[in-house]
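Please read the structure below before turning to the comments.
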Number of protein chains: 2
Amino acid sequence: MPDALPALKSHHLGKDILAETPAYDLIELFFFAYRDFVSDPDRILDEYGFGRAHHRVLHFVSRNPGLTIAELLDILRITKQSLNRVLKELIEKDFIESRMGTSDRRQRLLFATIQGRELALKLAKLQTRRIMRALSGMEPEAKDAVSRYLLSLIDPDESAHVKQLVFGSGET
Amino acid sequence: MPDALPALKSHHLGKDILAETPAYDLIELFFFAYRDFVSDPDRILDEYGFGRAHHRVLHFVSRNPGLTIAELLDILRITKQSLNRVLKELIEKDFIESRMGTSDRRQRLLFATIQGRELALKLAKLQTRRIMRALSGMEPEAKDAVSRYLLSLIDPDESAHVKQLVFGSGET
DNA sequence: ATTTTATGTCAGCCTTATTGACATATCTCA
DNA sequence: TGAGATATGTCAATAAGGCTGACATAAAAT
């Protein structure tokens with residue numbers, strides 16, 4: 001938006017008006033980018049008889065071995081009934097396995113099988129290719145800016161939680 | 001990710017490996033950010049008996065007065081049967097009106113009513129507040145970087161089309 | 001005059017989500 | 001030890017938002 005400002009000249013409350021002027025560009029670009037981003041894995045998932053819900057579950061389990069049902073529900077923000085259907089299918093088709101918790105035997109600890117990890121990686125690589133293509137034309141600092149922007153877009157009271165989940169696997 | 005590089009030292013094909021190393025951070029942040037971003041309008045939409053599908057239709061019609069059905073289908077990437085259900089409801093409840101095309105009388109030109117524009121604006125402002133909060137802690141160049149990143153994430157063969165749709169209303 | 005295009009509509013189906021109720025096993029704490 | 005809380009599973013009904021396929025109409029294009 002090269003020139004959204006001239007209209008402000010007739011106002012003295014520039015800052016308020018700026019704050020209330022809809023950021024249509026970022027709203028719409030977010031929609032289109034997400035639409036195309038999630039569409040990449042669809043063709044592959046189809047071959048396995050899976051949908052996007054399966055992808056999300058497989059992704060987070062593969063990335064976080066030993067994840068519990070409760071943690072997964074918290075990540076996905078769906079009900080246990082919804083989760084159970086797709087999880088059951090992933091377990092039946094041997095992409096995820098569920099082991100009894102060691103310290104708390106009520107818990108089910110989820111692990112991706114070899115097959116599951118392979119599929120999750122395949123899908124992640126596909127999306128990474130799109131991300132890399134987008135970043136390739138940009139300055140090196142851009143990636144960090146994008147990452148910080150997305151993190152700040154998240155509800156503040158959970159951004160720490162997400163930060164831990166996304167960046168916390170390894171160090172910290 | 002402070003140090004994803006050391007592993008590369010044992011390889012001579014650094015670039016290939018980097019290209020194939022999944023960008024888990026950007027993949028997951030995109031998921032969480034989008035999840036929270038689209039959740040904002042939900043409560044308000046509920047009051048009107050609308051869902052996210054209604055929001056998308058109302059948004060693009062409000063932003064592009066005189067949009068045709070075909071153009072809307074191309075933006076949303078859904079079937080006309082799916083569109084028709086939500087569109088019919090938006091028209092019945094007087095948030096959108098449909099006029100016969102002037103040059104081509106087969107076309108339906110879609111316009112948001114006053115009520116429709118008000119709701120669309122209300123929702124856009126809500127999402128803008130989140131965006132502004134995210135941008136507030138960042139350098140001024142960040143917004144442009146984010147905008148370019150999102151645009152590049154879109155399928156290349158349509159990015160020009162989206163660019164026109166998003167930025168093209170007004171000048172060009 | 002025929003064909004193509006833009007739209008609408010009927011009917012049936014799928015996926016992913018929801019709510020509410022209830023069951024079971026296990027853990028925790030008084 | 002016994003009561004209650006917790007983690008999970010499951011049954012049933014429902015809703016939203018997609019899909020395919022088939023068919024209809026009006027208007028434009030050739």
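By convention in this document, chain letters (A, B, ...) are assigned in the order of the sequence lines, proteins followed by strands, and residues within each chain are numbered from 1. Note that this is a predicted model, so its numbers are computed, not measured.
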Q.
Would you say A:I75 ends up clustered with B:Y24 if hydrophobic residues are merged whenever their side chains have heavy atoms under 4.5 Å apart, either directly or through other cluster members?
A. no
**Q.** Within residues 132-141 of chain B or reaching into it, pairs that qualify as side-chain hydrogen bond (donor to acceptor under 3.5 Å, both in side chains) - sequence neighbours excluded
**A.** A:R148-B:E139
Find the distance [X]:[atom1] to [N]:[atom2] and express it as a whole number of Å.
X	N	atom1	atom2	answer
A:L110	D:dA7	CG	C1'	12 Å
B:L76	D:dG17	CG	P	12 Å
B:Q107	C:dG8	CD	C1'	15 Å
A:M100	C:dT26	CE	P	6 Å

I'd like a table of atom pairs between the protein and nucleotides 28-30 of chain D - only N or O on both sides, under 3.5 Å - with the distance next to each one.
{"from": "D:dA28", "atom 1": "OP1", "to": "B:R105", "atom 2": "N", "distance (Å)": "3.2"}

Examine distances only and state if a side-chain atom of [X] and a backbone atom of [Y] form a donor-acceptor pair shorter than 3.5 Å.
X	Y	value
A:R63	A:V166	yes
A:E89	A:V86	no
A:T128	A:A124	yes
B:S62	B:A120	no

Given the side-chain rings of [X] and [Y], with only the six-membered ring counted for Trp, is the space between their centroids under 6.0 Å?
X	Y	answer
B:F50	B:F95	yes
B:Y149	B:F30	no
B:F32	A:F60	yes

Q) Can a salt bridge be assigned to the pair B:D40 and B:R129 using a cut-off of 4.0 Å between side-chain N and carboxylate O? A) no
Q. Near DNA chain D, under 4.0 Å by heavy atom, which residues of residues 29-46 of chain B?
A. none
Q | Selection: residues 66-75 of chain A, any non-hydrogen atom under 4.0 Å of DNA chain D | A | A:T68, A:I69, A:A70
Q. What is the per-nucleotide protein-contact pattern of nucleotides 12-21 of chain C, from the 5' end, where B denotes a base atom under 4.0 Å from a protein heavy atom, S denotes such proximity for sugar-phosphate atoms only, and - denotes neither?
A. ----BBBBBB
Q. Does anything in residues 73-82 of chain B pair up under salt bridge (Lys or Arg N to Asp or Glu O under 4.0 Å), and if so which pairs, sequence neighbours excluded?
A. B:R77-B:E158
**Q.** Value rounded to 0.5 Å, distance of CD in A:Q107 from OG in A:S98
**A.** 11.0 Å
Q. Is the cationic atom of B:R99 (NZ for Lys, CZ for Arg) positioned less than 6.0 Å from the six-membered ring centroid of B:F111 and within 45 degrees of its normal?
A. yes
Q. Below 4.0 angstrom from OP1 or OP2 of D:dT8, is there any side-chain N or O of A:N84?
A. no
